[in-house]
Structures are given as structure tokens and as C-alpha cells.
Amino acid sequence: MRGQGSVATPILSFAALFTLTIGPVLSQMASGNATDQPMRPLPPGMKAPVADFRDIAQEAGLLATVISGDVDQTYIVENTGTGVAIFDYDNDGLPDIFLLQGDRLHNSGPALTPHLYHNLGGLRFEDVTAKSGVGHLGWSQGVCAGDPDNEGRVSLFVTQWGHNVFLHNLGNGTFRDETRERGLDRPESRWSTGCAFVDYDRDGALDLVVANYVDFKAQDSPPPRTKSGCNWKGMPVPCGPRGLKGETMTLYHNDGHGHFLDVTRKAHLETSPQYYGFTVLTGDFDNDGWPDIYITCDSTPSLYFHNKHDGTFEELGLTSGLAVNEDGREQAGMGAAAADYDGDGRLDIFKTNFSSDINTLYRNLGNNVFDDVTSAAGLAVHTQYVKWGTAFLDFDNDGWPDLFIADGHVYPFVEQYHLGEEFKQPRQLFWNRGDGQFFDMSSSGGPGIAAKHSSRGIAVGDLDNDGSQEIVVVNLFEPPSLLKNYGPRGNALLIRALTASGRDAVGARLTLIAGPRKQVDEVRSGGYHISQGDFRVHFGVGSAVKADLTIRWPQGNVETLTGIDANQWIVIREGKGIVERHPLEAHQNR
């Protein structure tokens with residue numbers, strides 16, 4: 001997220017952001033060569049859909065304000081914000097929301113808690129935090145969901161600056177902190193960010209991967225916002241991450257009974273302590289049936305751990321092309337999402353970066369090789385924004401995954417320096433044209449896209465089961481946003497895949513054929529930006545009314561179901577086929 005050193009470097013965005021000066025303060029940072037490209041017009045005869053995203057959080061009852069330190073934002077730990085989870089904690093078919101909470105450096109005011117919102121239906125939510133047994137956790141950062149006990153209930157893992165927390169879902173509407181009993185506690189304080197449950201060895205039990213950011217102690221950091229401290233574009237700013245001690249990542253193996261053992265070194269996931277890890281994104285990126293791990297890193301090359309099928313990984317970030325951009329530059333990687341955006345059957349990766357830089361779209365060429373196609377895809381735009389949470393979502397249900405990005409600066413005082421940047425920034429929306437390129441709809445996506453906030457984590461899910469995906473966005477020092485698209489859309493199919501044991505089938509590969517389109521996606525834990533989305537996989541199918549589905553289950557078994565009606569959400573259990581069918585609520589081709 002930040003740049004460092006006594007010599008100005010061309011590292012971009014977050015990598016150029018926080019320049020830790022040891023000795024003389026740098027008078028100027030090189031901004032790299034990233035420039036906005038003009039918005040490309042649509043080809044003759046191609047017409048963009050209508051998008052009308054509106055923020056309905058207040059009407060929905062999502063009223064809690066997210067706190068991340070002091071409003072002046074004097075230390076890096078205050079800048080990164082928090083994540084959010086969409087998950088169905090009570091198995092009633094309506095996804096609920098878990099909104100993380102940061103903390104204060106100075107212990108003033110009442111203790112802060114996350115907020116659990118129970119979905120009442122009709123996009124109305126009740127704050128049930130007090131009844132859930134979840135209290136003050138500490139300084140929370142990220143969250144991921146999973147069922148490591150194979151008991152059919154989704155639990156949460158919360159990363160923190162301090163000590164991470166495992167919240168076991170007891171099945172009666174309450175959660176219990178079982179971090180120590182599960183082997184997930186650690187004696188020392190540490191700063192963890194992203195996480196994901198993943199069955200990396202395909203033994204039927206979910207393991208856990210955790211990204212760690214900075215070995216940070218506020219009292220040992222250089223004085224904030226002083227001329228003897230850190231500088232960005234001539235402005236005194238909080239220090240880090242560059243110049244601060246980096247971190248390593250962590251992999252925990254599940255013993256099959258919900259207890260974990262740190263196998264980072266044994267699994268060859270250990271690196272030198274020089275990376276600033278953020279978002280964990282998992283997926284079978286080489287189509288070999290085994291889950292791989294991608295971790296966005298801030299100001300250092302990102303990491304790509306390829307699964308070797310024997311309980312170990314090999315780090316292929318540089319050789320795969322995923323560590324840096326097309327110019328060979330490390331970037332300020334923050335959020336990440338995966339989808340087959342071009343319909344070739346391979347999962348591609350999109351990564352967000354800091355201002356003065358563009359985001360990065362990596363096209364999957366197969367065999368663990370990726371190509372930076374950001375400019376060719378029409379995504380080399382909006383370099384003035386600090387980009388965080390991101391998601392592929394099909395907002396018009398035409399069968400092609402579109403892109404959403406949440407933005408927000410880290411400096412509340414940035415406007416005072418007249419750099420053309422703002423603390424509160426609008427969101428970005430890109431329509432997938434279906435020809436390998438995206439069309440920028442940020443200025444025409446509705447008031448929910450145009451609204452300005454300083455946002456961080458996001459999560460996506462169909463919260464009212466109507467076939468249209470909603471977006472929950474974390475806004476610093478404000479309540480979250482709940483974005484619903486009121487524009488027209490095609491037909492859809494929503495699929496919850498459960499293993500034979502009854503848990504969400506994290507790692508399952510779904511291949512759907514509807515009309516002329518073949519789509520692939522996976523059940524995934526983590527991603528976005530240190531957040532968790534709905535486990536149910538959403539497919540837009542356009543005007544198609546039926547679809548054929550093939551599921552490759554996490555342990556390799558394959559099942560095919562044919563002639564599935566569109567405009568419903570279904571539950572499929574491994575070995576039993578469709579066990580539940582529900583019509584999508586009030587679906588209409590508006």
C-alpha cells in the first residue's frame with residue numbers, strides 16, 4: 001500500500017503511496033507511467049444495458065457506523081478499514097450480514113462490536129448482535145466463512161490486528177469464540193488481513209489460509225504526519241507499509257475434527273518476512289482439480305501458490321505473471337476477484353490497486369500462465385481513485401460477468417493539498433461486452449454508484465432471492481451501503497452446492513450451459529477485499545429458460561443435471577441431486 005526509501009522509485013499507487021523517509025524527506029515521488037485511457041465507444045449496433053443501482057441501506061435497517069481508529073487517520077492500521085460477510089447463519093434461505101468493526105487507538109468511548117444483521121426477507125434486516133453472543137473482538141480487519149466441522153452450519157473466522165478469532169456457529173442463533181480450542185490462537189499479537197477456508201488437500205475437511213500484513217506496533221512507528229516522518233506527493237502522511245517490517249502468510253490444516261495445525265512451512269507456503277499480504281483468493285486456476293491460492297500484496301509482488309497435489313505448494317507469482325503488472329512493476333494489490341470473463345473455461349483474476357495506478361486484469365492462458373490485459377480490456381481508467389473491494393457480478397443477467405469496484409482514499413486531509421484527489425470517492429461499474437472488453441458505466445450506473453464514500457471491503461449476494469445480486473459496501477465512519485440494481489435484467493439461476501456431509505461445497509467447480517453460453521464458477525470462501533460473499537453461485541442466463549449443470553465436487557466426483565428450469569434457486573447435495581427448489585421472488589424481465 002505504500003512506497004519507501006531515500007531514493008524516489010517508480011513504484012505505483014499504494015506502492016507509491018506511503019513513502020517512509022529514513023533521513024531527508026523526499027520532496028517528490030515518481031508517479032509511474034499509469035495514465036487514464038479515454039472511455040471507448042461501443043461498436044456500431046452494440047447497446048449497453050440500463051443499470052440503476054440505489055443505496056437502500058437505511059431503509060433495510062443497516063445503520064451501524066464502522067469505526068477504524070481516529071477520524072484523522074494518523075497510523076496505517078487506521079487506513080485499511082474492515083471487511084464484511086454475507087452468509088446464511090441460520091439456514092433459512094435468506095443470506096445474513098456480518099459487519100466488522102475496527103477499534104480505537106485511544107480507549108475512549110464504549111467498546112465497539114461487530115454487527116450481525118438477520119435477514120427478515122424483503123431486504124429488511126434486524127440487528128441481532130446482542131442475541132448472538134458476539135461482543136467486542138478487538139481491532140477487526142477481515143472475515144471468511146466456512147464449516148470446518150462438516151456439521152451443516154457456517155462459522156466465521158475474523159482476522160485482526162492483535163489476535164484472530166474463530167466464531168463457532170452453535171446452530172441456535174448464537175456464536176462462541178473457540179479460537180484457542182481450535183488451535184487457531186497464537187501467543188504473539190499479529191496483524192492479519194485476508195483469509196479463506198479451502199480444502200487444499202481434498203481430504204473432505206476445510207483448511208484455512210490467512211494473509212498477514214505488517215509487523216506493526218503503533219508506538220514504534222515513526223511520528224505520524226511530521227516532516228521527520230513519512231511523505232507522499234509532498235504531504236506528510238502515516239508511515240508504511242514500506243519501511244516497516246513485512247510479514248509471511250499462514251496455512252492451517254484441519255485434522256478432520258475441526259482442529260487446526262499450522263503447516264505453513266511443511267506445505268511450502270512459508271516465504272521470507274517481506275510481504276504485505278491483503279486479500280486471499282482461492283480457485284482452481286489451472287483446471288487440474290486442485291485449489292490454488294492467490295494473495296494480493298501491497299507494495300511487494302503478489303503471491304501465487306500452485307497446488308502440487310501432495311499437500312505442498314510451489315510459489316509461481318513471477319513465472320505465472322501474477323506477481324507484477326505488464327511493465328514488471330510490483331503494485332499496491334488490495335482487492336481481488338476471479339471469474340471466467342471471456343468464456344474460455346478458465347478463471348481469470350482481477351486485482352485493485354492504489355491511486356496513480358490502474359487496476360490489473362490477468363487473463364488466464366492456461367498452464368499457470370497469465371497475461372496482463374488491462375489496457376486491451378478497456379480497464380486502464382480512473383487512476384485518481386484508491387481502489388479496494390471488487391467483485392465480478394452479472395448485473396444484467398446476460399451470462400457475462402461484469403465488474404464492480406469500491407473506492408476511497410486513506411487520507412481525510414488529502415483535499416487540503418489540491419492534488420485532484422478526494423477522501424470520499426464514487427464507485428466504478430464496468431459492463432462486460434462479451435468480446436473480451438468492458439464498457440465503463442460508472443457515470444451511468446445509478447445514484448448508488450455515483451455516491452461518494454471512503455469505502456473498503458465489499459461482499460455480493462442475492463439478499464432477497466429475486467435473481468439480482470446486491471452489493472454490501474463498508475464505508476469508513478459511516479453506515480454501510482446496500483446497493484440494489486433496479487435496472488432491467490434477464491433470467492437467472494442461483495445454486496447452493498452442498499457436500500455429502502451437508503456443508504457448503506467450498507471449491508466445487510460449476511459449469512453451466514444455457515442457450516449458447518457456457519459459464520464456469522466456483523463456490524468460494526474469502527476474496528473481494530478481506531470479505532466473504534454468498535456461498536450460492538449466481539448465473540445469469542439471459543433469455544434461456546433451461547440449463548444443464550455439471551458439478552465437479554471438491555474431492556473430484558462429477559455429477560451432471562440437465563433441463564434445470566431458470567428463475568429459481570436450488571440446493572444440490574452431492575450424490576442426491578436437487579434437494580430443494582425455490583422460485584426467485586417477484587422475478588420479472590423489467
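Just so we're clear, the structure is a prediction, and the values are computed from it rather than from any experiment.
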*Short question: side chain of D70, backbone of L105 - any donor-acceptor pair under 3.5 Å?*
no
_To check you understand the geometry: which heavy-atom pair defines the closest contact between F197 and A145, and what is its length?_
CD1-O, 3.2 Å
_Test item: R104 side-chain N/O and P110 main-chain N/O as donor-acceptor pair under 3.5 Å_ = yes
*Report yes if the side chains of F439 and L429 come closer than 4.5 Å at any heavy-atom pair, otherwise no.*
no
*side-chain contact (heavy atoms from CB on, under 4.5 Å) between L303 and Y294, worked out*: CA-CA 6 Å; L303 298 165; Y294 176 68; over 6 Å; no
*Has the side chain of S320 got a donor or acceptor atom that lies under 3.5 Å from a matching backbone atom of L322?*
yes
*asked:* Check the orientation of H409 and Y411. Use parallel for under 30°, tilted for 30 to 60°, and perpendicular for over 60°.
replied: tilted
*Hey, does the side chain of K387 reach the backbone of F354 with a donor-acceptor pair shorter than 3.5 angstrom?*
yes
*Heavy-atom side-chain proximity of Q532 to S525 below 4.5 angstrom*: yes
_Residue pair D348, R346: steps toward the salt bridge (charged side-chain N to carboxylate O under 4.0 Å, His left out) verdict_ = CA-CA 6 Å; D348 311 293; R346 296 186 288 263; over 6 Å; no
*Which atom pair, heavy atoms only, marks the closest approach of G277 to A211?*
C-CB, 4.0 Å
*asked:* Working note: L463 + I86, criterion side-chain contact (heavy atoms from CB on, under 4.5 Å); need CA distance, chi angles, decisive distance, verdict.
replied: CA-CA 9 Å; L463 296 173; I86 294 176; 3.8 Å; yes
*With a 4.5 Å limit on heavy-atom distance, are the side chains of Q58 and L63 in contact?*
yes
*Applying side-chain contact (heavy atoms from CB on, under 4.5 Å), run through D340 and D521 and close with a yes or a no.*
CA-CA 7 Å; D340 179 16; D521 205 349; over 6 Å; no
*Measure across L62 and Y117 and return the closest heavy-atom pair with its distance rounded to 0.1 Å.*
CD2-CG, 3.5 Å
_D440 side chain to S442 side chain, donor-acceptor N/O pair below 3.5 angstrom_ = yes
*Which pair of non-hydrogen atoms, one from E330 and one from V324, has the smallest distance, and what is that distance?*
N-CG1, 3.8 Å
*Between W232 and L419, is any pair of side-chain heavy atoms under 4.5 Å apart?*
yes
*D407 versus H453: any side-chain heavy-atom pair under 4.5 Å?*
no
*Are H115 and F98 near enough that their ring centres are under 6.0 Å apart?*
no
*Apply the side chain to side chain donor-acceptor pair (under 3.5 Å) test between N353 and each candidate in T360, T383, T374; give the one that qualifies.*
T360
_Side chains of Q37 and S375, donor plus acceptor under 3.5 Å_ = yes
_Non-hydrogen side-chain atoms of N212 and W191 separated by less than 4.5 Å_ = no
_Using only atom types and a distance under 3.5 Å, with no angle test, would you say the side chain of N164 pairs donor to acceptor with the backbone of Q160?_
yes
_Could you check whether any side-chain N or O of D398 sits under 3.5 Å from a backbone N or O of W400, counting only pairs where one atom can act as donor and the other as acceptor?_
yes
*Side-chain donor/acceptor of Q331 to backbone N/O of S299, under 3.5 Å*: no
*asked:* Working to the nearest 0.5 angstrom, can you tell me the gap between W388 CH2 and R427 CZ?
replied: 15.0 Å
_Euclidean distance, F438 CZ relative to L379 CG, rounded to 0.5 Å_ = 5.5 Å
_Flag, side chain of D402 to backbone of F395, donor-acceptor distance under 3.5 Å_ = yes
_Nearest-0.5 Å distance, CE of residue M249 to SG of residue C195_ = 13.0 Å
*What's the spacing between F423 CZ and S454 OG if we round to 0.5 Å?*
3.5 Å
*From Q428 CD over to Y385 OH, what is the distance, rounded to the nearest 0.5 angstrom?*
6.5 Å
*Of the non-hydrogen atoms in C144 and A196, which two are nearest, and what is the gap between them?*
SG-N, 3.6 Å
*Are the side chain of Q141 and the backbone N or O of I530 linked by a donor-acceptor pair below 3.5 Å?*
no
*Can you list the steps and then say if K484 with D464 is a salt bridge (charged side-chain N to carboxylate O under 4.0 Å, His left out)?*
CA-CA 10 Å; K484 182 170 182 61; D464 56 353; 3.1 Å; yes
*asked:* Distance alone, cut at 3.5 Å: any donor-acceptor contact between the side chains of S455 and N475?
replied: yes
_Whether F370 and Y304 hold their rings parallel, tilted or perpendicular, with breakpoints at 30° and 60°_ = perpendicular
*F430 vs H382 aromatic rings, parallel, tilted or perpendicular, using cut-offs 30° and 60°?*
tilted
_Aromatic plane relationship, W139 with W161 - under 30° parallel, 30 to 60° tilted, over 60° perpendicular_ = perpendicular
*With side-chain contact (heavy atoms from CB on, under 4.5 Å) as the test, would you mind laying out the steps for Y341 and L403 before giving the verdict?*
CA-CA 9 Å; Y341 82 93; L403 267 171; over 6 Å; no
*Return yes if some donor-acceptor pair links the side-chain N/O of N485 with the main-chain N/O of D52 below 3.5 Å, else return no.*
yes
*State, with a plain yes or no, whether a side-chain heavy atom of R524 is found less than 4.5 Å away from one of L347.*
yes
*Looking only at non-hydrogen atoms, find the nearest pair between V66 and L100 and report the distance.*
CG2-O, 4.0 Å
*asked:* Any heavy-atom pair between the side chains of Y213 and E247 that's under 4.5 Å?
replied: no
_So, taking the atom named CG in D342 and the one named CG in N364, what distance separates them when rounded to the nearest 0.5 Å?_
8.5 Å
